Amino acid sequence: MQGFTYVKDVAKVGEGGLVTVRGWVYRKRVTGGKIFIVIRDSTGIIQAVVSKDNEPVFKKAEQLNIESSLIVTGHVKKEPRAPGGFEIHVIDIPWSFVGWQFPINEDAAKADSEYLLDMRHLWVRSRMMQAVLKIRSTVFGAIHEWFRGNGYYEVQAPMFITSAVEGGSTLFEVNYFGEKAYLTQSSQFYLEALIFSLEKVYTIAPSFRAEKSRTRRHLTEFWHAEAEVAWAGLEDMFTVTENLISHIVKRVLESNLDDLSLLGRKTEPLENVKPPFPRITYDEAINILNKKGFNLKWGDDIGADEEKALTLEFTQPIHLHHFPENVKAFYHRNDPSKPSTTLSVDVLAPEGYGEVVGGGERIYDYDELISKIRKFNLNPEDYQWYVDLRKYGSVPHAGFGLGVDRLVMWICGLDHIRDALPFPRDMRRIKP
RNA sequence: GCCGCCGUAGCUCAGCCUGGUGGAGCGGCGGGCUGUUAACCCGUAGGUCCCGGGUUCAAGUCCCGGCGGCGGCGCCA
């Protein structure tokens with residue numbers, strides 16, 4: 001479309017310029033002889049002024065309500081009283097669509113209520129959601145950019161699967177033409193198959209988990225950025241994840257300062273994010289936490305409270321590695337020099353946000369994998385093709401999964417993961 | 001699976017403890033105002049007080065049961 005100006009560009013047109021802007025009514029204030037309409041588009045907000053002297057247009061403007069759509073033509077005026085310093089003196093409203101009464105008002109918006117989740121199809125228009133969605137877009141773009149810039153191939157794995165990656169109890173069952181199938185919990189196993197073809201692969205896809213989790217960090221459908229690398233080990237995962245995350249944060253700081261500011265997000269914690277990240281072993285973490293008053297025994301998992309306390313000790317994301325065998329899934333390779341631990345790593349986001357990445361070395365030896373599966377009381381037959389990979393030219397390899405929604409949540413400084421994506425799915429919500 | 005909380009106008013909530021004519025703000029509608037900033041001022045409409053039962057002269061309020069919803073833990077990304 002030609003001849004239209006985005007709101008953010010109106011100021012650039014400058015005093016006296018003629019512009020036509022398309023958008024929606026964000027605020028409307030009527031003061032007798034003048035109507036002030038704050039117009040919102042995808043780029044920002046600007047005030048338009050309609051004077052009563054312009055009778056037919058004034059009548060049209062009177063009809064508009066919140067979130068009505070409109071096109072206005074007018075002259076740009078420098079005006080210190082207007083938000084943003086510029087406003088549009090309206091000559092004409094060549095098109096408008098008067099909406100029904102918009103069901104979201106300031107009270108509801110302030111309350112951060114369940115109502116806003118019911119109204120999510122409309123609430124995505126809010127400036128807060130706009131800011132988050134723009135940052136999210138930067139994040140996804142930066143992930144692709146980093147992987148492609150570092151020699152990875154993007155691959156796609158199926159969403160319909162028949163065997164579990166994580167625990168079987170968290171699978172969503174689907175009726176697949178009369179056969180039992182499930183929605184995937186992770187693309188990891190397929191990525192492991194693909195490294196024998198492409199060596200370095202990544203994917204960004206949804207993962208589904210039927211966890212009955214009612215927390216601010218869990219979704220039943222989340223966006224998972226996963227990578228798998230042949231000939232790689234734990235050390236490589238440290239550098240890959242810290243470089244990837246640093247790159248994403250850098251891109252957001254370059255592209256989304258206005259959005260971060262609108263969200264009230266302080267940028268200092270993000271500016272600290274540079275490789276290398278501190279590396280803490282599980283054993284060290286237990287010591288640090290017990291000194292802080294926790295009472296953890298070796299072999300205990302590090303829970304939400306512990307994770308939070310640990311991240312508050314650092315200003316950077318941290319690498320937490322060498323978890324005990326029993327707290328990590330069967331496919332993690334045990335450390336030959338300390339077999340009770342695994343060559344595993346989690347990345348914990350700072351400021352109490354906690355785990356955003358889980359990964360490490362995978363078992364590449366056939367017999368080792370079979371015995372580990374049995375040790376976890378699982379049936380090797382359920383993992384037939386995954387085990388099969390270890391028969392034909394197996395190689396040491398490592399990989400990880402990044403919870404993109406969790407990363408966005410932390411970067412945006414949000415209280416709840418469901419605000420990190422437009423249409424969240426959790427245990428109790430599948431609409432809108 | 002475990003712990004805690006809530007249900008009153010379109011929205012956000014007060015009223016419940018200590019039973020006695022259902023309220024406020026925002027939003028809607030009508031009117032006023034020629035520089036508003038979540039505009040303001042005046043007026044006005046709007047209710048299955050979640051449902052059922054009980055106690056009582058009288059229940060939004062007290063008791064019992066049910067339904068619906070929310071927050072957190074565990075698990076994980």
Side-chain angles (χ1 to χ4, degrees), chain A residues 26-38 45-54 58 65-67 77 79-85 87 89 100-119 122-123 127 165-170 185-188 204-226 241 300-308 323 327-329 345-349 353-359 400-410 415-418 420-421 426-429:
Chain A
Y26 181 66
R27 296 279 184 274
K28 182 184 149 194
R29 293 181 277 269
V30 184
T31 69
K34 281 191 171 152
I35 299 176
F36 298 92
I37 302 169
V38 180
I45 57 172
I46 191 153
Q47 177 166 279
V49 189
V50 183
S51 169
K52 202 166 199 170
D53 305 337
N54 193 343
F58 189 87
N65 56 14
I66 298 295
E67 287 302 318
K77 295 278 179 200
E79 173 52 71
R81 289 170 293 187
E87 64 184 16
H89 284 212
W100 297 22
Q101 185 190 328
F102 200 65
I104 302 174
N105 63 24
E106 291 288 344
D107 260 8
K110 255 192 320 194
D112 187 27
S113 63
E114 198 63 11
Y115 180 74
L116 291 181
L117 286 164
D118 293 335
M119 293 291 143
L122 304 175
W123 181 239
R127 301 199 76 207
V165 176
E166 306 294 336
S169 63
T170 66
Q185 299 167 307
S186 163
S187 301
Q188 178 189 323
I204 306 180
S207 284
F208 305 89
R209 304 222 176 143
E211 294 163 350
K212 291 187 173 169
S213 301
R214 219 196 304 275
T215 83
R216 59 187 60 206
R217 323 192 298 144
H218 284 84
L219 297 164
T220 52
E221 175 181 336
F222 68 96
W223 282 83
H224 212 172
E226 294 178 275
T241 53
D300 287 346
D301 203 358
I302 297 196
D305 290 346
E306 291 85 1
E307 236 180 39
K308 185 168 184 180
F323 286 88
V327 303
K328 285 289 174 186
V345 57
D346 282 359
V347 177
L348 308 188
Y353 278 91
E355 186 175 359
V356 291
V357 167
F400 68 91
L402 165 70
V404 185
D405 314 285
R406 283 189 181 175
L407 188 71
V408 170
M409 175 189 177
W410 161 60
D415 293 333
H416 206 295
I417 195 167
R418 64 189 170 206
L421 66 170
D426 64 30
M427 185 186 157
R428 297 188 276 204
R429 182 169 292 278

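To find a chain, count down the sequence lines: A is the first, B the second, and so on, and within it residues start at 1. Only heavy atoms go into these numbers, but all of them, side chains included; no hydrogens, no water, no symmetry mates. Every value quoted in this text rests on a predicted model; they were computed, and no experiment measured them.
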Could you please name the partner base of G10(B), counting Watson-Crick and G-U wobble pairs only when both distances are under 3.5 Å?
C26(B)
Looking at side-chain heavy atoms only, is the closest gap between R214(A) and R428(A) below 4.5 Å?
yes
Sugar-phosphate only, base, or nothing, as touched by V30(A) at under 4.0 Å among non-hydrogen atoms:
base
Can you tell me how far C1' in U36(B) sits from the matching atom in C73(B), rounded to whole Å?
49 Å
Do the non-hydrogen side-chain atoms of N65(A) and F102(A) ever get within less than 4.5 Å of each other?
no
Name the pairing partner of C16(B), where a pair is Watson-Crick or G-U wobble with both distances under 3.5 Å, or state none.
none
Just how far, in rounded Å, is P of C73(B) from CD1 of I302(A)?
16 Å
Could you write nucleotides 67-72 of chain B as a row of B, S and -, 5' to 3', where a protein heavy atom under 4.0 Å of any base atom gives B, of only sugar-phosphate atoms gives S, and otherwise -?
---BBB
Whom does U34(B) pair with, Watson-Crick or G-U wobble, provided both distances fall under 3.5 Å?
none
From the options G1(B), G35(B), A77(B), select the nucleotide whose nearest atom is closest to the side chain of K212(A).
G1(B)
Distance check needed: C40(B) P versus R27(A) CZ, whole Å only.
12 Å
Do the non-hydrogen side-chain atoms of R29(A) and V38(A) ever get within less than 4.5 Å of each other?
yes
Most 5' of A82(A) and W223(A) on RNA chain B, judged by nearest nucleotide:
A82(A)
Base, sugar-phosphate alone, or nothing: which one does A304(A) contact when heavy atoms must sit under 4.0 Å apart?
sugar-phosphate
For atom C1', what is the distance between C13(B) and C49(B), given to the nearest Å?
13 Å
Nearest-angstrom distance from the residue atom CZ of F36(A) to P of G35(B):
7 Å
Which whole number of Å gives the distance between the C1' atom of A9(B) and that of G27(B)?
11 Å
Is there a side-chain contact between D118(A) and R429(A), using heavy atoms and a 4.5 Å cut-off?
yes
Using atom C1' in both nucleotides, what's the gap between G15(B) and G7(B) to the nearest angstrom?
15 Å
Look at all strands and tell whether P83(A) reaches a base, only sugar-phosphate, or nothing, counting heavy atoms closer than 4.0 Å.
base
From CG of L219(A) over to C1' of A77(B), roughly how many Å is that when rounded to an integer?
9 Å
Side-chain contact, heavy-atom cut-off 4.5 Å: L402(A) with L407(A)?
yes
Mind checking if E87(A) touches a base, just sugar-phosphate, or nothing, with heavy atoms under 4.0 Å?
base
May I have the distance from K34(A) (atom NZ) to U34(B) (atom C1'), rounded to whole angstrom?
6 Å
Take atom P in C16(B) and the same atom in C70(B), then report the distance between them in whole Å.
27 Å
Counting only Watson-Crick or G-U wobble pairs whose two distances fall under 3.5 Å, which nucleotide matches C2(B)?
G72(B)
Could I get the full list of salt bridge (charged side-chain N to carboxylate O under 4.0 Å, His left out) partners for K34(A), not counting sequence neighbours?
none
To the nearest Å, how far apart are Y115(A) OH and G7(B) P?
19 Å
Answer with base, sugar-phosphate or nothing: what part of the nucleic acid does I35(A) contact at a heavy-atom distance below 4.0 Å?
nothing
Go through C75(B), G35(B), A77(B) for me and flag the one nearest to the H224(A) side chain.
A77(B)
Student check: side-chain heavy atoms of K328(A) and D346(A) closer than 4.5 Å
yes
Does the distance from a Lys or Arg side-chain N to an Asp or Glu carboxylate O, for R418(A) and D405(A), drop under 4.0 Å?
no
L122(A) atom CG is separated from G27(B) atom P, nearest whole Å, by 18 Å
Give me the distance, rounded to whole Å, that separates G52(B) from G46(B) when you measure between the C1' atoms they each carry.
27 Å
Measure the distance from CZ on R29(A) to P on C26(B) and round it to the nearest whole Å.
15 Å
Euclidean distance for P, G69(B) against G30(B) (whole angstrom)
37 Å
Flag as yes if F222(A) stacks onto the base of A77(B) (centroids under 5.5 Å, planes under 30°), otherwise no.
yes
Any non-hydrogen side-chain atom of D415(A) less than 4.5 Å from a side-chain atom of R216(A)?
yes
Does a side-chain heavy-atom distance below 4.5 Å link R406(A) with F222(A)?
no
Only pairs with both distances under 3.5 Å count, Watson-Crick or wobble alike; so what is the partner of C62(B) in this structure?
G54(B)
For atom P, what is the distance between U21(B) and U61(B), given to the nearest Å?
14 Å
For a quick check of understanding: with a heavy-atom distance under 4.0 Å over all strands, which category does D346(A) fall into, base, sugar-phosphate or nothing?
nothing
